[in-house]
Amino acid sequence: MEVFWYIIASIGAGVGTGLAGLSAATVMVPILIVLCPAFQGETGAYQATAIALASDVLGSAVTTGVYMKNKKIDLKHGWIMLVCILSMCTIGSFAAWLAGNVVLGGFTLFLTFCIGIRFLLMPDTEKSETISTDTKLGIKGIAISLFFGLTIGFGAGFVGTGGGMMMLVVFTAFLGMELKTAVGTSTFIMTFTALIASVSHIFIHPAIVLEQWDVLLLCIIVTTVSSLLSAQFANRVSNRTVGLVTGAVLTVLGACMIMLNYWELLSSITLIKDMFTCFAKYLSVLVPAVIVLLALYFLFHPYKELFRKLLHSVAFMSPVFFVYAAPTWQSATLCAAVFAILVYPLLSMLEGWKEYSSIFVQRKNGEIKKSLLLLFFMAAVLIALCWGLWHTPHLITIAFPMWGFGDAAAALIGKRLGKHHVNIPFADHKKTWEGTVSMATISFVVGILITIYVTSYSISNCILIVLPAAIISAFVELISHNGNDTVTVPVTNAVLLYIIMLII
């Protein structure tokens, strides 16, 4: 099983290096220390760091070769960083040995995650303020290079990273390089820092080669191949695509590394354990559902609006699943919020796929990811409100299906059979009376069936509870513009149901 984690760690390290100049240690060290017993001894962290640095050498070298071939290295603005980092790297490595079992700092992990989010939100690095290779390095640039070069160099040796992530930040945010040039320049420097640091680690502690030579060889080979393939991909696509893929990779790697690095602490917190349990149960249902829907799409090519609503049904039933899968309202709320945070960068990356808008029947750019972000954050708020404050979790199981199935009926019937457009004030004039009546009717039927099942109210009381909510929510959907019914209708349903239940 350990071999599997060696390969996973090396692939992640190689992809991070080839795409973003990320040091192999950022990915490899936490995986080896946490998941591999061979590196959990007294000198395990030091050995894992040395192996990661050795893997960095060839990985960075082949990445540098690809970026150099595409003229994406700028040493005119990076030479001071190069000199400072190389001069401090050996000192940092020796200091690490004196300090003992040094583990990758949490700052680097959080930085990886944050930089990933940054590239997802702003993937296009082709900006007017990026510097030209012919521009001289001014006094400000020299000062920045000296300060960060010295600190990154010491940190590269002490913490056991090539310093790639910090160099990427300095080159893009402070020195104005575009992304590909920043990655090429940082991997060029990282080739030498990783070489110096790895040789220093092995010289100080020769047992790394004697005891872990097989792991060392495997990690070097897999990381090198992964780096080469990732670098070639990065130099064949647009800067925007590189930015999106880099953002997705760094976000996922950063989140995974943070969890691994703090796993002992996280696993001791009941709320986090409950959230992970709920999340795992949710994924066990979500993934098969998505696979079935995609198979349906590619095999049978269903009516687009119908397929859109089938995907819609998976989304609006998710909060209901959270309520039943989570042991507490806190873990259900956290699960919904975490999923919102994770799904946004994933969809941002998929937007570059030419089939994306067709499969999701996206009406305008960014619609799907915006709707899902709103839906799951709003679900988190309503779960906290209905379950945590009002102690009525069954409101979630009624409010969301009423909106979801009602909205599907409004869209399908309104677009197919609707002939009478609504012309009242504040209404969306693209909607029809046929669609609105359909939504009120289906919402009422679905609400009645679920309310009878999840509550002890009589049928007559269930009708009194659900009927006003169905009618008013249909009107709210009518006056909601730009897809905002994702928020307005479930909230209206939940609040109205709660008030009416209190009265009855």
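Predicted model only: the values in this text are computed from it and were never measured.
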Residues passing the side-chain hydrogen bond (donor to acceptor under 3.5 Å, both in side chains) test with Thr488, sequence neighbours excluded, are Ser480

Write down the atom of Val487, the atom of Leu374, and the distance for their closest heavy-atom approach.
-> CG2-CB, 4.0 Å

Taking only residues at least two apart or on different chains, which pairs with a member in residues 269-288 satisfy side chain to side chain donor-acceptor pair (under 3.5 Å)?
-> Tyr282-Ser318

Look up atom CG in Leu75 and atom CE in Met68, then write down how far apart they are to the nearest 0.5 Å.
-> 7.0 Å

The side-chain contact (heavy atoms from CB on, under 4.5 Å) partners of Val225 (sequence neighbours excluded) come to Leu229

Report the residues that fulfil ring-ring contact (aromatic ring centres under 6.0 Å, His included) with Phe188, sequence neighbours left out, ordered by chain and then residue number.
-> Phe192

What are the two closest non-hydrogen atoms of Ala61 and Thr191, and how far apart are they?
-> N-OG1, 3.4 Å

Side chain Thr223, main chain Ile220, donor-acceptor under 3.5 Å | no

Side-chain H-bond candidate by donor/acceptor type, Asp56 with Ser23, under 3.5 Å = yes

Rounded to the nearest 0.5 Å, the CG atom of Asn484 sits from the OG1 atom of Thr486 at a distance of 7.5 Å

Check: Ser60 main-chain N/O paired with Thr17 side-chain donor or acceptor under 3.5 Å | no

With distance as the sole test, does Lys180 use its side chain to make a donor-acceptor pair with the main-chain N or O of Ala234 at under 3.5 Å?
-> yes

Pairwise distance CG(Leu32) to CE(Met28) - rounded to 0.5 angstrom = 6.5 Å

Main-chain N/O of Gly18 paired with Tyr67 side-chain donor or acceptor, under 3.5 Å | yes

Which residues share a ring-ring contact (aromatic ring centres under 6.0 Å, His included) with Phe174, sequence neighbours left out | Phe148

With sequence neighbours left out, which residue pairs that include part of residues 369-388 fulfil the salt bridge (charged side-chain N to carboxylate O under 4.0 Å, His left out) condition?
-> Glu351-Lys369

Report yes if the side chains of Asp407 and Val489 come closer than 4.5 Å at any heavy-atom pair, otherwise no.
-> no

Is there a donor-acceptor pair under 3.5 Å between the side chain of Ser230 and the backbone N or O of Leu19?
-> no

d(Ser55 OG, Ile221 CD1) to nearest 0.5 Å is 10.0 Å

Give, for atom CG of Leu385 and atom CE of Met378, the distance between the pair rounded to the nearest 0.5 Å.
-> 12.0 Å

If you draw a 6.0 Å radius around CD1 in Ile269, do more than 12 non-hydrogen atoms from other residues or ligands fall strictly inside?
-> yes

Specify the closest pair of heavy atoms between Ile383 and Trp329, including all atoms of both residues, with the distance to one decimal.
-> CG2-O, 4.0 Å

Output for pair (Gln232 CD, Lys69 NZ), nearest 0.5 Å, gives 8.0 Å

